[in-house]
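One structure is given below, encoded as structure tokens.
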There are 2 protein chains.
Amino acid sequence: MKEGTLELPGNCRLTSNYDVLQWDVREGCEVRQILDRIADKWSLLVIALLDKRTMRFAELRRSIEGISKRMLTTTLRQLERDGIVERTVYATVPPKVEYNLTPLGNSLLDTVQALVIWTETNQVRIAEARDQYEARQNESA
Amino acid sequence: MKEGTLELPGNCRLTSNYDVLQWDVREGCEVRQILDRIADKWSLLVIALLDKRTMRFAELRRSIEGISKRMLTTTLRQLERDGIVERTVYATVPPKVEYNLTPLGNSLLDTVQALVIWTETNQVRIAEARDQYEARQNESA
DNA sequence: CAGTATCCCTTTAGATACTG
DNA sequence: CAGTATCTAAAGGGATACTG
């Protein structure tokens, strides 16, 4: 495996000592900024929920137990700003606002779902690992 | 598409009104806990870096610009507790500690890399979306 | 309904100093 | 080297009240 035999994203480099990719994850770099944005407490859930459908504000709020009005607004605004979510306001009384994924958001959906599914699939193994970790702690103490 | 024709993870339900999956993301549920753990500021980067190799504490710290000793320790301990990272201590002076992904961690790697690559691939589109969002804000003001 | 604005408490996480 | 302990500034985020 030599440099140039593979198309790498611009922030990757191939180290000479190991045949592995190394990420350039400098503080404040674009990738870090975007990762911090989408990998937060709520964004992933919002994206997963908007799969193939449009949802209204209150509907999203009911679907994500524990989220406050303020945080849902903040999260949706950030996702809108990043071009991941589209916001449509209907000039009715009372107002109606719909949210859906943009094409860019849709391109992110597969990955997000993969992450959620991995989490679901492996929750038992993780619970076991935690038990074993606890056991080891008690043992050495 | 009818219920039962597809194997769904236990936390999914099929709503009757739409042919889409709905996630059960109740506060404090297993999936939410695990998602909160791995989708944080540093865990994704640590997992991505440990791809196919072992790294020492200081090496990880150098690779992730901006992370403090304390946060790297905390992140690694959580990942170890969840069975995603394995920690090996060599009883030498000075001490040497190596970290690598467990099989469980490796099963998560593809998804994490997909997320990082998506971020890299789409950073220009996101930057454009932000500019347009700003423009719209100024316009309406 | 879909937000904003404000207040204020809680959590997070950086800096620093110390240790086996 | 690979941490731990402590302190503290800053950010996160809930509760409440108000608005077009």
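Hydrogens, waters and symmetry mates play no part in the numbers below; they use all other heavy atoms, side chains included. Proteins get letters first, then strands, A, B, ... in listed order; numbering begins at 1 in each.
Listed by chain and residue number, A:Phe57, A:Arg77 satisfy the side-chain contact (heavy atoms from CB on, under 4.5 Å) test with A:Thr73 (two or more places apart in sequence, or in another chain). Under the rule for a side-chain contact (heavy atoms from CB on, under 4.5 Å), the partners of B:Asp36 that lie at least two apart in sequence or sit in another chain are A:Lys41.
Using a 4.5 Å heavy-atom cutoff, the side chains of A:Leu109 and A:Leu50 are not in contact. Side-chain contact between A:Gln78 and A:Asp40 is present, with at least one heavy-atom pair separated by less than 4.5 Å. Residues B:Leu60 and B:Leu76 are in side-chain contact: their nearest non-hydrogen atoms beyond the backbone lie under 4.5 Å apart. The shortest side-chain heavy-atom distance between B:Val116 and B:Glu120 does not fall under the 4.5 Å cut-off.
Atom-to-atom, CD of B:Glu98 to P of D:dG3 comes out at 12 Å; the value is rounded to the nearest Å. Remark: P of C:dG3 and CZ of A:Arg56 are 10 Å apart, rounded to the nearest angstrom. For B:Arg61 and D:dC1, the CZ to P distance is 11 Å, given to the nearest whole Å. Going from atom CD of A:Glu59 over to atom P of C:dA2 covers 9 Å, rounded to whole Å. Between A:Glu65 atom CD and D:dG14 atom P the separation is 13 Å, expressed in whole Å. Atom C1' of nucleotide D:dC1 and atom CG of B:Leu72 are separated by 13 Å, given to the nearest angstrom.
Each end of the helix from C:dC1-D:dG20 to C:dG20-D:dC1 yields a helix axis from five base pairs, and these two axes differ in direction by 60° (to the nearest 10 degrees).
Remark: B:Arg87 is in phosphate contact with D:dG3, judged by side-chain N or O atoms under 4.0 Å from OP1 or OP2. For A:Tyr99 and C:dG3, the shortest distance from a side-chain N or O to OP1 or OP2 is below 4.0 Å.
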Residues 84-91 of chain A side chain polar contacts: donor-acceptor under 3.5 Å, at least two apart:
{"from": "A:Glu86", "atom 1": "OE1", "to": "A:Asn100", "atom 2": "ND2", "distance (Å)": "3.1"}
{"from": "A:Arg87", "atom 1": "NE", "to": "A:Tyr99", "atom 2": "OH", "distance (Å)": "3.3"}
{"from": "A:Tyr90", "atom 1": "OH", "to": "A:Glu98", "atom 2": "OE1", "distance (Å)": "3.1"}

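Within a heavy-atom distance below 4.0 Å of DNA chain C, the residues of residues 73-86 of chain A found are A:Thr73, A:Arg77.
Shortest non-hydrogen contact noted between A:Thr102 and A:Gly83 is OG1-O, 2.5 Å. Shown here for A:Thr119 and B:Val31, the closest heavy-atom pair between the two residues is CG2-O, 3.5 Å. Heavy atoms only, all atoms of each residue included: B:Ser107 and A:Trp118 are closest at OG-NE1, 2.9 Å.
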Produce a footprint string for nucleotides 12-18 of chain C: one letter per nucleotide, 5' end first; B if the base is under 4.0 Å from any protein heavy atom, S if only the sugar-phosphate is, - if neither.
-BBB---
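Note: the hydrophobic cluster containing A:Ile126 does not contain A:Tyr133 (ILVMFWY, side chain heavy atoms under 4.5 Å, direct or indirect links).
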